[in-house]
There are 2 protein chains.
Amino acid sequence: MAVQQRATVEDVARLAGVSSKTVSRVFGNRDLVAPATVERVLDAAKRLRFRPNSLARTLRRGGGTDTIGFVMGELGNPFYYGIASGIEQEASRNGNALVVATTGDTPDGEERVVDALLAQRVGALLLVPVAADQSYLEGERHLGTPVIAIDRPARNLVADAIVLANRSGVFDATSRLLARGHRRVGYVCNPAAVKAQAERVQGYREAMAAYGIGGTSRWERLVDDPRAAPERIVADLLSSADPPTALITGNNRMTIGALRAMRGLGEDAPALIGFDDFDTADVLGVSVISHDPVELGRRAARLAIERIGDPLGFTQRIELPTRFIGRGSGERPPPKA
Amino acid sequence: MAVQQRATVEDVARLAGVSSKTVSRVFGNRDLVAPATVERVLDAAKRLRFRPNSLARTLRRGGGTDTIGFVMGELGNPFYYGIASGIEQEASRNGNALVVATTGDTPDGEERVVDALLAQRVGALLLVPVAADQSYLEGERHLGTPVIAIDRPARNLVADAIVLANRSGVFDATSRLLARGHRRVGYVCNPAAVKAQAERVQGYREAMAAYGIGGTSRWERLVDDPRAAPERIVADLLSSADPPTALITGNNRMTIGALRAMRGLGEDAPALIGFDDFDTADVLGVSVISHDPVELGRRAARLAIERIGDPLGFTQRIELPTRFIGRGSGERPPPKA
DNA sequence: CAAGTTCATGTCAACGCTGTCTTGTTATCG
DNA sequence: CGATAACAAGACAGCGTTGACATGAACTTG
């Protein structure tokens, strides 16, 4: 039982008694071949377990593959997976394969995996930028590989971008808490160094300022350490000298961390609104600033597919809306002082 | 601003004043080239934005790519993406790319995406089998593409398999409920047609039988309809003539559906143990039969990488353990009758 | 110092496929 | 019935890369 050789068009051609070009036609423009010949070829192909080699086909045809590359920080986060899922849906609808690669949230990792994907000649590159600078991708668009940034714009690179309405979503949520009478409203996030978070913090501060509340930094915890436990960060804030009566968490991780930190606090628990919806938020009664990561992925993929046909169109920046979903935790009033 | 042409080894060679083979060597066995030449070549490559075409390389070298293909039902389920995450970790550690494809949980989808992956010459194929028959993959192993089944064994195909200890996990959980005094214990799952579920049901029935309880079908809901809402299925069982006092749910979806169905039942809610752990299970106090989908993926990927080197070794069947995690919901005693 | 060894680089063909062009065969029509 | 179109199939080259083999220069070594 040795390893066998894979059959090629030549092998099939020989067995079917035709030329390799005819075999090629059968797997390409089948209607250019006489029906009887098609049958003979297919029969021979099946007998030899022939599978066309799409690498060779792509190489010959020139241009890129019909594969879409998606680069993200890490798997294991529902937000990223939602995006991946949306990309996959749209890609498979259109017959494109999806290659996923993770950067481990490091700039080096990003450049490494992006290089690998480009070496594989992906037809389009979707990425959640991590590095401080994507200028190494400059030129790819002109070489026929569209680049699309997701969740955060690319830096030093002209590229399409699909992002969320971060600022207005958090502004709105913060305003709701303020309207209920809260004044000491906190904002917690990690990582904090990405644009998306900067926008959310901005929305928070603007809402606070609109109510004449300054010096918000005492209620902010903008951490940037992937190893820091969300639960600790929140617990730390809640046990500070001047703890907030309401809290906004910057992503699903943080929200779940907050829930852990708040377990057993009963009536003393602060009001809570989380950015990102999650599976059991309804069961837990957690109010959220919701958005649709799957749609984010779908839109990005659709844009990518469009760009594969026309790499040089004007780049777009698409902003998807957020939606507040009240489930109780964000409607809790401040304790009567 | 027209689309430019991608540079090839020839272009770089011309600019650097060497032969194309030397350029090839610089990007392959760099130490066979004089340092000064390496520098000249790298400089020329950078100027031309040269990126080696790994399609051509793979074609020339023969054999498969270093890409691992993963075929699963859908990307929106934490169980699946846990597996994907594990595969990705192990693959990227080893320098393999990961292509993900979803079948939409249909047999046709499975064969279609598998064909596409094989046409792309993936180095190994990992799949969560959906179709009733994987014999169409027969021979791939001998053609150098190892196939590894995850979560469920492949049917009519000799292939490695990595599965969970489904039977014993559910047997153990059911026994715990029985030991606490429950007698009317229910089991709910959807989809029910896969081997993994059959094993879980078997574990449930065996535990019941060990306590001398027969006629369990009145407490079973083995649904096989992807569109059926989990919440409804559970609600239906709970409102039946002879409702169970304790419930085992066959996967995370079902568990969350049960939580929804049980909202507001207070003291009347049945005891609950879910198969699969999930993000907020600790916060919700849900007892689970836990296992590690990430590890499942890692093991599968490791096996795949091993098999790429040696496609014809004896196939293995690896069974990963489950672990009961008590968090309260599964420790609730039956109501005093 | 001739013969052998090492090292840096080059020449050429081929991986599997398909676009372009050519050839041969059969149907169509004034 | 000879000219012409329509169709089926083949010959050949080349996509970008690298393995096998060849070449020539510098360096050992007895």
Side-chain angles (χ1 to χ4, degrees), chain A residues 4-42 44-45 48-66 116 118-123 143-145, chain B residues 4-42 44-45 48-66 116 118-123 143-145:
Chain A
Q4 297 157 24
Q5 209 58 43
R6 249 177 220 286
T8 70
V9 279
E10 305 287 349
D11 300 322
V12 177
R14 208 170 307 122
L15 183 59
V18 297
S19 80
S20 60
K21 183 68 234 242
T22 298
V23 176
S24 164
R25 273 193 273 255
V26 169
F27 287 91
N29 282 315
R30 186 160 304 180
D31 23 311
L32 296 178
V33 183
T37 313
V38 170
E39 201 163 330
R40 271 211 332 282
V41 169
L42 288 179
L48 296 174
R49 296 186 193 287
F50 169 73
R51 290 188 191 278
N53 184 330
S54 66
L55 270 61
R57 180 203 295 250
T58 307
L59 180 61
R60 177 64 240 251
R61 289 209 168 147
T65 63
D66 55 358
L118 289 172
Q120 285 181 54
R121 296 296 187 266
V122 292
L143 291 169
T145 309
Chain B
Q4 297 157 24
Q5 209 58 43
R6 249 177 220 287
T8 71
V9 279
E10 305 287 350
D11 300 322
V12 176
R14 208 171 307 123
L15 183 58
V18 297
S19 80
S20 60
K21 183 67 231 244
T22 298
V23 176
S24 164
R25 274 193 271 255
V26 168
F27 286 90
N29 281 315
R30 185 161 305 180
D31 23 310
L32 296 178
V33 182
T37 313
V38 170
E39 201 164 331
R40 267 209 335 281
V41 169
L42 288 179
L48 295 174
R49 296 186 192 286
F50 169 73
R51 288 186 191 280
N53 185 330
S54 66
L55 270 60
R57 179 202 296 248
T58 306
L59 179 60
R60 176 64 241 250
R61 289 212 169 144
T65 62
D66 55 359
L118 290 172
Q120 285 181 55
R121 295 296 187 266
V122 292
L143 290 169
T145 308

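Numbers restart at 1 for each chain; the letters A, B, ... are given by sequence-line order, proteins then strands.
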| field | Side chain R30(B), main chain F27(B), donor-acceptor under 3.5 Å | value | no
| query | Just by distance, do the side chain of S20(A) and the backbone of A13(A) share a donor-acceptor pair under 3.5 Å? | reply | no
| Closest heavy-atom pair and its distance - L143(A), Q5(B) | CD2-O, 3.4 Å
| Got a sec, which residues hit side-chain hydrogen bond (donor to acceptor under 3.5 Å, both in side chains) with T8(B), two or more places apart in sequence or on another chain? | D11(B)
| note | Picking from dA11(D), dG16(D), dA20(D), the nucleotide nearest the side-chain atoms of S19(A) would be dA11(D)
| query | Where the side chain of N29(A) meets the backbone of D31(A), is there a donor-acceptor pair that is under 3.5 Å apart? | reply | no
| query | In whole angstrom, what separates R60(B)'s CZ from dA13(C)'s P? | reply | 12 Å
| request: Name the residue closer to the 5' end of DNA chain C, choosing between K21(B) and K21(A) according to the nucleotide with the nearest heavy atom. | output: K21(B)
| query | Do the side-chain N or O atoms of T8(B) get closer than 4.0 angstrom to the phosphate oxygens (OP1, OP2) of dG16(D)? | reply | no
| said: Can you identify which nucleotide, out of dA8(D), dG19(D), dG16(C), has its nearest atom closest to the N53(A) side chain? | reply: dG16(C)
| task | Take atom CG of L59(A) and atom P of dA14(C), then tell me their distance rounded to the nearest Å. | result | 17 Å
| Minimum-distance nucleotide to R57(B) side chain [options: dT11(C), dG10(D), dT17(D)] | dT17(D)
| field | Between CZ on residue F50(A) and CG on residue L42(A), distance to nearest 0.5 Å | value | 10.5 Å
| request: Quick one: label T37(B) by what it contacts on the DNA or RNA (base, sugar-phosphate, nothing), any heavy atom closer than 4.0 Å. | output: sugar-phosphate
| note | Of the listed dT18(D), dC17(C), dT18(C), the closest approach to the S20(A) side chain comes from dT18(C)
| request: Select from R61(A) and R40(B) the residue whose nearest nucleotide in DNA chain C is closer to the 5' end of that strand. | output: R40(B)
| Which of residues 22-30 of chain A sit near DNA chain D, with a heavy atom under 4.0 Å from it? | T22(A), R25(A)
| task | Could you please name the option among dT9(C), dG16(C), dG19(D) that lies closest to any side-chain atom of V33(B)? | result | dT9(C)
| Spacing of E10(B) atom CD relative to dG16(D) atom C1', expressed in whole Å | 8 Å
